[in-house]
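The structure under discussion appears below in the form of C-alpha coordinates.
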Amino acid sequence: MLASRGRSGTMKVPSLTNLSVEEILAIYVDAGVKRHDAIMVDKIGTFNRLCDILIAVEAELKGRPGDQRTAFLTLFDHSNWQVKLNAARAAAAVAPDHARQML
(Lines give C-alpha, C1' and ligand atoms only; values in the text may rest on other atoms or scores of the structure.)
Protein backbone atom coordinates (compact mmCIF):
# COMPACT_ATOMS: atom_id res chain seq x y z
CA MET A 1 0.00 0.00 0.00
CA LEU A 2 1.27 3.45 -0.86
CA ALA A 3 0.10 5.24 2.21
CA SER A 4 -1.86 4.61 5.32
CA ARG A 5 -4.13 6.84 7.30
CA GLY A 6 -2.70 8.70 10.23
CA ARG A 7 -4.59 9.55 13.40
CA SER A 8 -5.80 12.81 11.94
CA GLY A 9 -7.32 11.01 8.93
CA THR A 10 -4.73 12.34 6.51
CA MET A 11 -2.67 10.02 4.37
CA LYS A 12 0.83 9.20 5.49
CA VAL A 13 2.95 9.65 2.43
CA PRO A 14 6.02 7.46 1.90
CA SER A 15 9.42 9.12 1.78
CA LEU A 16 10.06 10.29 -1.77
CA THR A 17 13.50 11.86 -1.46
CA ASN A 18 15.50 8.74 -2.36
CA LEU A 19 13.26 7.62 -5.21
CA SER A 20 13.83 8.15 -8.92
CA VAL A 21 11.47 10.34 -10.91
CA GLU A 22 10.02 7.19 -12.50
CA GLU A 23 9.34 5.63 -9.09
CA ILE A 24 7.71 8.83 -7.89
CA LEU A 25 5.52 8.97 -11.00
CA ALA A 26 4.45 5.37 -10.35
CA ILE A 27 3.23 6.44 -6.90
CA TYR A 28 1.43 9.38 -8.49
CA VAL A 29 -0.26 7.14 -11.06
CA ASP A 30 -1.32 4.65 -8.39
CA ALA A 31 -2.86 7.46 -6.32
CA GLY A 32 -4.64 8.79 -9.41
CA VAL A 33 -6.11 5.40 -10.26
CA LYS A 34 -7.22 4.95 -6.65
CA ARG A 35 -8.84 8.40 -6.75
CA HIS A 36 -10.70 7.37 -9.89
CA ASP A 37 -11.89 4.17 -8.22
CA ALA A 38 -12.94 6.08 -5.10
CA ILE A 39 -14.97 8.67 -6.99
CA MET A 40 -16.70 5.98 -9.03
CA VAL A 41 -18.05 4.34 -5.84
CA ASP A 42 -18.76 7.64 -4.06
CA LYS A 43 -15.96 7.38 -1.48
CA ILE A 44 -15.30 11.09 -1.35
CA GLY A 45 -13.26 10.88 1.85
CA THR A 46 -10.83 8.43 0.27
CA PHE A 47 -10.71 10.55 -2.88
CA ASN A 48 -9.82 13.63 -0.83
CA ARG A 49 -7.25 11.86 1.38
CA LEU A 50 -5.34 10.61 -1.66
CA CYS A 51 -4.73 14.26 -2.46
CA ASP A 52 -2.00 14.19 0.24
CA ILE A 53 0.03 11.87 -1.99
CA LEU A 54 -0.48 14.04 -5.08
CA ILE A 55 0.61 17.15 -3.20
CA ALA A 56 3.71 15.42 -1.80
CA VAL A 57 4.76 14.12 -5.22
CA GLU A 58 4.26 17.51 -6.83
CA ALA A 59 6.27 19.21 -4.08
CA GLU A 60 9.08 16.67 -4.34
CA LEU A 61 9.41 17.05 -8.10
CA LYS A 62 9.20 20.84 -7.87
CA GLY A 63 12.00 20.87 -5.31
CA ARG A 64 14.37 18.77 -7.37
CA PRO A 65 17.08 20.47 -9.43
CA GLY A 66 15.58 22.00 -12.55
CA ASP A 67 11.99 21.58 -11.32
CA GLN A 68 11.20 18.05 -12.49
CA ARG A 69 7.44 18.65 -12.83
CA THR A 70 7.84 18.38 -16.60
CA ALA A 71 7.84 14.62 -15.92
CA PHE A 72 4.07 14.90 -15.59
CA LEU A 73 3.90 15.43 -19.36
CA THR A 74 4.69 11.73 -19.78
CA LEU A 75 1.37 10.91 -18.11
CA PHE A 76 -0.74 12.73 -20.69
CA ASP A 77 -1.11 9.48 -22.63
CA HIS A 78 -2.22 7.44 -19.63
CA SER A 79 -5.41 5.44 -20.09
CA ASN A 80 -7.02 6.72 -16.87
CA TRP A 81 -8.73 10.12 -17.11
CA GLN A 82 -8.04 10.97 -13.44
CA VAL A 83 -4.31 10.42 -13.92
CA LYS A 84 -4.37 12.66 -17.02
CA LEU A 85 -6.34 15.36 -15.23
CA ASN A 86 -4.01 15.31 -12.21
CA ALA A 87 -0.94 15.41 -14.45
CA ALA A 88 -2.26 18.32 -16.51
CA ARG A 89 -3.03 20.32 -13.39
CA ALA A 90 0.41 19.56 -11.92
CA ALA A 91 2.23 20.40 -15.16
CA ALA A 92 0.42 23.68 -15.72
CA ALA A 93 3.04 25.71 -13.86
CA VAL A 94 5.93 24.45 -15.98
CA ALA A 95 4.23 23.69 -19.29
CA PRO A 96 1.04 25.77 -19.44
CA ASP A 97 0.43 25.35 -23.17
CA HIS A 98 0.74 21.57 -23.03
CA ALA A 99 -1.45 21.39 -19.92
CA ARG A 100 -4.09 23.60 -21.52
CA GLN A 101 -4.18 21.34 -24.59
CA MET A 102 -4.64 18.29 -22.36
CA LEU A 103 -7.50 19.91 -20.49
Side-chain angles (χ1 to χ4, degrees):
M1 182 171 190
L2 284 180
S4 60
R5 248 191 270 173
R7 287 191 176 141
S8 67
T10 60
M11 289 284 184
K12 288 185 178 181
V13 180
S15 176
L16 303 171
T17 55
N18 295 323
L19 299 178
S20 70
V21 171
E22 292 77 19
E23 291 169 321
I24 291 172
L25 285 179
I27 290 170
Y28 195 81
V29 167
D30 189 52
V33 170
K34 287 180 179 178
R35 279 174 58 109
H36 173 264
D37 294 345
I39 200 76
M40 297 309 283
V41 293
D42 204 28
K43 291 190 175 187
I44 304 306
T46 299
F47 179 87
N48 290 335
R49 283 187 295 275
L50 285 162
C51 189
D52 296 341
I53 295 171
L54 301 181
I55 290 168
V57 165
E58 292 166 19
E60 175 64 26
L61 292 179
K62 179 181 179 182
R64 290 190 174 198
D67 192 342
Q68 298 296 307
R69 289 181 291 174
T70 55
F72 290 118
L73 298 174
T74 65
L75 301 179
F76 285 10
D77 291 329
H78 197 276
S79 61
N80 184 284
W81 65 267
Q82 184 69 51
V83 172
K84 288 188 216 186
L85 177 64
N86 295 340
R89 185 192 48 75
V94 293
D97 293 335
H98 287 85
R100 197 172 301 114
Q101 285 178 340
M102 173 52 60
L103 295 172

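Keep in mind that this is a model prediction, so the values were computed, not measured.
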Candidate pair Leu61 and Tyr28, rule side chain to side chain contact (heavy atoms under 4.5 Å, CB included), full reasoning = CA-CA 11 Å; Leu61 292 179; Tyr28 195 81; over 6 Å; no

Side-chain heavy atoms under 4.5 angstrom apart, residues restricted to Ile, Leu, Val, Met, Phe, Trp, Tyr: same cluster for Ile44 and Met40?
-> yes

So ring pair (Phe, Tyr, Trp, His ring centres under 6.0 Å) across residues 39-62, not counting sequence neighbours, yields none

For residues 86-96, which side-chain donor-acceptor pairs fall under 3.5 Å, sequence neighbours excluded?
unit_1 : atom_1 : unit_2 : atom_2 : d
Asn86  : OD1    : Gln82  : NE2    : 2.9
Asn86  : ND2    : Gln82  : O      : 3.2
Arg89  : NH1    : Glu58  : OE1    : 3.3
Arg89  : NH2    : Glu58  : OE2    : 2.7

Rounded to the nearest 0.5 Å, what's the gap from OG1 on Thr46 to CZ on Arg35? Could you check?
-> 11.0 Å

To the nearest 0.5 Å, tell me how far Leu75 CG sits from Leu85 CG.
-> 12.0 Å

Does a salt bridge link Arg100 with Asp97, judged by any charged N lying under 4.0 Å from a carboxylate O?
-> yes

Scanning both residues in full, the closest heavy-atom pair of Leu54 with Ala31 reads CD2-CB, 4.0 Å

Quick one: pull up CG in Leu25 and CG in Asp30 and give me the separation to the nearest 0.5 Å.
-> 12.5 Å

For Phe76, the hydrophobic cluster (side chain heavy atoms closer than 4.5 Å, chained through members) also holds Leu73, Met102

Atom pair CD1 (Ile55) and NZ (Lys62), whose distance is rounded to the nearest 0.5 Å | 12.5 Å

Residue pairs passing the side-chain hydrogen bond (donor to acceptor under 3.5 Å, both in side chains) test where at least one lies in residues 68-80, sequence neighbours excluded | Asp67-Arg69

Quick one: which residue pairs count as a ring pair (Phe, Tyr, Trp, His ring centres under 6.0 Å) with a foot in residues 79-103, not counting sequence neighbours?
-> His36-Trp81

Count the heavy atoms of every other residue, nucleotide or ligand shown that sit under 6.0 Å from NZ of Lys84, and state whether that count exceeds 12.
-> yes

Which atoms form the tightest heavy-atom contact between Arg64 and Leu19, and what is the distance?
-> NH2-O, 2.6 Å

Selection residues 49-69 - residue pairs positive for ring pair (Phe, Tyr, Trp, His ring centres under 6.0 Å), sequence neighbours left out | none

Applying the 4.5 Å side-chain criterion to the ILVMFWY set and letting contacts propagate, would Leu50 and Ile39 be lumped into a single cluster?
-> no

